[in-house]
Amino acid sequence: MASLVSRRDCITRKFSVLFCGHHRYGFDYRIYQLTPVLFHYYHSPDPRLYISSRLLYTRSTKSKRHLDENVFRNQLLLPLQVKGYKTKTYFKSIKDNLSLSQIKRWCFHPGTSVLSRETLGKVTPDNKQITSKDMINAMLQYIWPKDDPLVRVRVCTAMSLLVGAKLLNVSVPFLFKYAVDDLNSYLNLLSMGSAPEAIATSATAILIGYGIARAGAAGFNELRNAVFARVAQHSIRKIARNVFVHLHNQDLSFHLSRQTGALSKTIDRGSRGINFVLSAMVFNVVPTVFELALVSSLLGLKCGLIYSFLSLSCVGIYAAFTLAVTQWRTKFRVYMNQAENEAGNKAIDSLINYETVKYFNNEKYEAERYNSSLLKYESASLKTSTSLAMLNFGQNAIFSGAIAIAMVCAAKEIVNGSLTVGDLVMINGLLFQLSVPLGFLGSVYREVRQALIDMQTMFTLMTRESSIKNSPNAKPLIISRENASIEFRNVCFQYIKGKPIFDNLSFTIVPGRKVAIVGGSGTGKSTLIRLLFRFFEPNSGSIFIAGQNIKDVDLESLRRSIAIVPQDSVLFHDTIMYNLHYGNMEATEDDVIIASKMANLHNSVMTWPMEYQTQVGERGLKLSGGEKQRVAIARAILKASPILVFDEATSSLDSITEHNILDALRTATEDRTSICIAHRLSTIMDATEILVLDKGRLAERGTHWSLLSDPKSLYSKMWEIQHASGKDINNNKKENKKS
Ligand SMILES: N[C@@H](CCC(=O)N[C@@H](CS)C(=O)NCC(=O)O)C(=O)O
């Protein structure tokens with residue numbers, strides 16, 4: 001699901017947003033002109049949150065009840081499901097041709113947050129959609145794992161404890177009934193003159209039993225929580241781990257089109273959603289349904305069918321009322337959260353811009369702006385509280401009404417002699433107890449719905465198949481330094497249709513040779529490496545390593561056979577030792593230090609406060625570009641793969657360091673097949689062969705001197721330019737990276 005709208009688009013173009021969905025009177029559309037700010041968030045798997053808050057920046061330009069097809073002509077729709085509402089949201093930009101039926105179909109294609117133009121074309125009813133059933137099945141696999149009997153035993157124990165707790169809970173009003181009946185008959189007998197002491201003793205014993213049953217029910221409940229917590233946490237860990245592994249197995253294009261933060265939010269929210277749904281089911285919904293079944297059957301058996309009917313219909317009306325009111329009032333909570341975010345953002349923005357505010361004497365204006373958000377928050381918060389009060393009162397009134405009716409019926413039957421006072425107390429107790437867990441039905445409903453949406457996003461992500469994966473009969477790459485040849489055979493490749501990067505590119509690198517690849521920006525030097533690592537697949541043609549087509553070999557073994565010093569070395573937020581060790585986790589610390597010395601890094605590290613235990617900061621921020629590059633070189637040395645790739649490995653180094661490192665590289669590349677992508681031609685003069693790329697093809701090849709001997713060659717021109725200006729051919733590094 002690669003996104004078509006680039007980040008640049010996001011900040012330079014205006015988009016329209018189309019809201020559509022079922023409304024009470026049919027299908028409704030609203031079109032808003034959206035400021036590009038929204039699109040900063042657009043890669044988020046759960047953009048609904050942002051829409052709601054960012055819509056504050058939108059301006060409604062049109063509101064139509066009937067869809068005017070022309071409005072959508074040449075538009076790209078990016079469908080989004082609106083959180084907490086029946087409606088779904090669709091973004092569009094000006095590109096595709098859409099028919100009304102297509103739009104309608106996408107409108108009802110839930111679960112996908114962002115669709116590219118390509119995928120939009122493929123959205124058909126056959127597309128795999130994650131339904132609630134799929135999610136429940138997936139969850140069941142985790143809480144009832146076939147290969148883990150211990151987890152299954154825990155689930156059974158938790159269920160038995162649940163049943164035990166509910167039986168004890170229901171026995172409490174029964175015991176109370178017997179105690180009341182005993183005491184009643186004791187008083188009756190006493191009023192007649194003689195009351196046997198045994199009755200009073202029995203009532204006392206029953207009341208002690210009452211206390212024990214209450215405590216027992218609570219104890220069983222807590223025990224069930226403790227037993228089940230392990231199952232829930234175990235499942236959450238396994239799911240989060242699986243999603244993480246799945247994300248790592250996705251192809252590069254997926255990761256390039258996604259915000260990493262949004263992905264981690266997906267895991268976080270999805271696994272928290274699972275926790276919530278599991279807890280709600282095990283601790284609230286299932287026990288309450290079980291209790292309802294128990295209470296209504298017991299009431300029917302003991303007191304008459306009217307009481308089971310009353311309890312069932314009371315809970316039915318209660319549930320319907322709660323769900324309807326909760327659905328209605330959820331929007332106030334959404335507004336409240338939006339206003340809170342908005343107020344928070346404004347406050348932060350204003351305080352960050354403290355100096356600017358003072359320069360322009362805009363304190364009052366800032367206070368007003370902040371106050372306007374606070375006012376919105378105040379109003380939404382009031383609505384939330386008043387609607388909560390209404391919900392609570394309504395729920396209470398329904399149960400109180402049902403209890404009162406039940407007791408009036410019981411009173412009549414007491415008068416008739418068919419029920420006892422104890423029965424009345426029991427009916428009251430049973431119904432009252434039932435109302436306690438139902439007191440959170442609305443919140444549980446709202447949270448479960450949200451959790452299901454979060455889980456859907458996560459499980460949808462789980463169904464995405466990587467376009468790069470092992471072929472069914474993939475074999476490990478058989479490679480040694482002696483046979484580590486590389487061959488590109490008629491390779492054609494393009495990222496965007498009509499913009500070829502390679503057009504029938506063919507070349508062979510003999511084992512043990514150091515080959516340099518040069519060319520202007522956009523000639524695909526870095527793409528070549530991506531193809532070699534199989535991050536992308538050629539559109540046609542093949543790549544062979546050690547005579548084996550990389551498409552047919554195991555990906556892991558392929559990537560293990562190549563060590564790379566990338567253009568941008570990103571480090572982990574850990575110590576320098578950890579970062580160096582990352583090149584080969586099996587290497588010893590001594591090996592790491594040797595590699596660090598070879599990469600000319602050791603002396604710098606020894607001057608740092610904690611030497612090899614010094615933290616490098618987030619993404620290696622505390623290190624200079626040159627130091628990061630040396631870390632990458634040391635890692636590559638440590639990996640000791642038969643093939644070495646240097647993607648402008650010395651680009652961030654000053655000339656003295658570069659000189660030192662070139663020596664190290666020479667040692668590292670000795671007898672190894674190595675590819676050096678270079679923009680400073682002086683660094684690759686010693687290469688056994690230099691390949692010059694131009695217009696997607698291999699334009700020239702030869703040694704430094706043979707290429708220079710032809711003054712008309714591209715290489716000669718590049719050399720001249722560099723040496724005339726003293727600069728690199730690709731002095732615009734940024735441009736180069738884009739290639
Ligand atoms: N009785 C109501 C409210 C239950 C309640 O108090 N929920 C807690 C959360 S567990 C709350 O803070 N609710 C605030 C709200 O719903 O606005 C229901 O069934 O939802």
Side-chain angles (χ1 to χ4, degrees), residues 48-49 52-53 82-86 162 165-166 169 218 221-222 224-225 228-229 232 236 268-269 271-292 295 311-344 373-404 428 430-455:
R48 293 151 288 168
L49 279 178
S52 40
S53 56
V82 178
K83 180 182 178 183
Y85 294 100
K86 272 185 189 161
L162 184 157
K166 283 298 164 195
N169 208 32
N221 266 335
E222 295 308 321
R224 176 206 58 187
N225 293 359
F228 194 77
I236 290 164
D268 195 38
R269 285 189 192 156
S271 42
R272 264 191 290 134
I274 290 167
N275 188 18
F276 191 86
V277 172
L278 281 179
S279 312
M281 288 296 156
V282 176
F283 305 143
N284 195 296
V285 180
V286 174
T288 311
V289 171
F290 180 65
E291 184 168 350
L292 174 64
V295 166
S311 53
L312 287 174
S313 42
C314 162
V315 173
I317 294 169
Y318 181 98
F321 169 80
T322 305
L323 302 196
V325 174
T326 303
Q327 198 139 329
W328 163 71
R329 62 185 290 273
T330 300
K331 61 177 172 288
F332 302 135
R333 285 187 69 90
V334 174
Y335 296 154
M336 198 173 91
N337 292 341
Q338 283 169 7
E340 193 179 16
N341 284 345
E342 188 189 276
S373 298
L374 290 180
L375 274 172
K376 279 185 207 163
Y377 177 76
E378 184 183 311
S379 143
S381 159
L382 273 173
K383 283 183 186 151
T384 305
S385 321
T386 38
S387 62
L388 177 65
M390 193 196 120
L391 172 66
N392 282 342
F393 173 73
Q395 289 175 322
N396 217 305
I398 292 169
F399 249 101
S400 304
I403 293 177
N428 179 296
L430 284 174
L431 288 179
F432 177 76
Q433 277 188 179
L434 193 58
S435 72
V436 176
L438 285 169
F440 292 95
L441 184 66
S443 300
V444 169
Y445 169 69
R446 189 181 60 229
E447 299 294 330
V448 164
R449 258 179 52 151
Q450 180 53 50
L452 287 175
I453 292 172
D454 290 341
M455 279 164 62

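Numbering of residues begins at 1 and proceeds along the displayed sequence. Predicted, not measured: the structure shown is a model, and the values here were computed from it. In listed order, ligands and their atoms are each counted from 1.
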Engineer: Return the CG to CD distance between L374 and E340, rounded to the nearest 0.5 Å.
Structural biologist: 10.0 Å
Engineer: How many angstroms lie between atom OH of Y318 and atom CG of N396, to the nearest 0.5 angstrom?
Structural biologist: 8.0 Å
Engineer: Compile the donor-acceptor pairs under 3.5 Å between side chains in residues 435-443 and protein atoms, sequence neighbours left out, one pair per line.
Structural biologist:
residue: S435; atom: OG; partner: F432; partner atom: O; Å: 2.6

Engineer: Among all residues two or more places apart in sequence or in another chain, which pass the side chain to side chain donor-acceptor pair (under 3.5 Å) test with R333?
Structural biologist: none
Engineer: Side-chain polar contacts of residues 272-282 - donor-acceptor pairs under 3.5 angstrom, sequence neighbours left out - could you list them?
Structural biologist:
residue: R272; atom: NH2; partner: D268; partner atom: OD2; Å: 3.2
residue: N275; atom: OD1; partner: S279; partner atom: OG; Å: 3.4
residue: S279; atom: OG; partner: N275; partner atom: O; Å: 2.6

Engineer: How far apart are the C-alpha atoms of E342 and Y377, what are their side-chain angles, what is the distance that settles it, and do they pass the side chain to side chain donor-acceptor pair (under 3.5 Å) test?
Structural biologist: CA-CA 9 Å; E342 188 189 276; Y377 177 76; over 6 Å; no
Engineer: Can you list, by chain and residue number, every protein residue with a non-hydrogen atom closer than 4.0 Å to ligand 1?
Structural biologist: R329, R333, T384, L388, L391, N392, Q395, G439, F440, L441, G442, S443, R446
